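Worth saying up front: this structure is predicted, and the values here are computed from it rather than measured.
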Amino acid sequence: MSRSSRAVLAVTALLSAATVAAVHVQQRWERERLHSGVLRDLERQSQKKENIRLLEEQIALTKHLMEERDKALMEKRSQQS
C-alpha cells in the first residue's frame, strides 16, 4: 500500500468512527431530553391535580363560611325583631 492510500484509509476510518460516536452521543442526548419531558409532564399533571384539589377545598370552605355568615345574620335579625 502506498503512503497516500494508507493516509486516506486512516482518515476515512477516523471520520467513520467520529460519525458513529457523534450519532451515539446525539441519541443519548435525545433520549435524556425525551425522558426529562416525560418527567416534566408527570410533574405538571401532579401539580394540576393538586391545584384542583386546593380549589375544591377553597370552594367548600367559602361555601361553609357563607352559610355561617348567613346564619349569623339571620340570628342577628331575629334578635333585633
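The side chain to side chain contact (heavy atoms under 4.5 Å, CB included) test with Glu67 is passed by exactly one of Lys71, Lys63, Arg69: Lys63. With respect to Glu30, the side-chain hydrogen bond (donor to acceptor under 3.5 Å, both in side chains) criterion is satisfied by exactly one of Arg33, Arg28, Gln27: Arg33. Between Val11 and the choices Leu14, Leu15, Val8, the side chain to side chain contact (heavy atoms under 4.5 Å, CB included) rule is met once, by Leu15.
Rounded to the nearest 0.5 Å, atoms CZ (Arg40) and CD (Gln47) are 15.5 Å apart. In this structure, Lys49 NZ and Ile52 CD1 are separated by 9.0 Å, a value rounded to the nearest 0.5 Å. One finds the NZ atom of Lys48 at 12.0 Å from the CG atom of Leu55 (value rounded to the nearest 0.5 Å). One finds the CG atom of Asp70 at 9.5 Å from the CG atom of Leu65 (value rounded to the nearest 0.5 Å).
Remark: the Asp41 side chain and the Gln45 side chain contain no N/O donor-acceptor pair separated by less than 3.5 Å.
Ser78 and Glu75 make their closest contact through OG-O, 2.8 Å (heavy atoms, listed as atom of the first residue, atom of the second, distance).
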_Gln58/Leu54 under side-chain contact (heavy atoms from CB on, under 4.5 Å): CA gap, chis, key distance, verdict_ = CA-CA 6 Å; Gln58 186 67 37; Leu54 289 172; over 6 Å; no
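Residues Leu42 and Val38 meet the side-chain proximity criterion, which asks for heavy atoms closer than 4.5 Å.
Heavy-atom contacts from other residues, nucleotides or ligands closer than 6.0 Å to CZ of Arg53 number more than 12.
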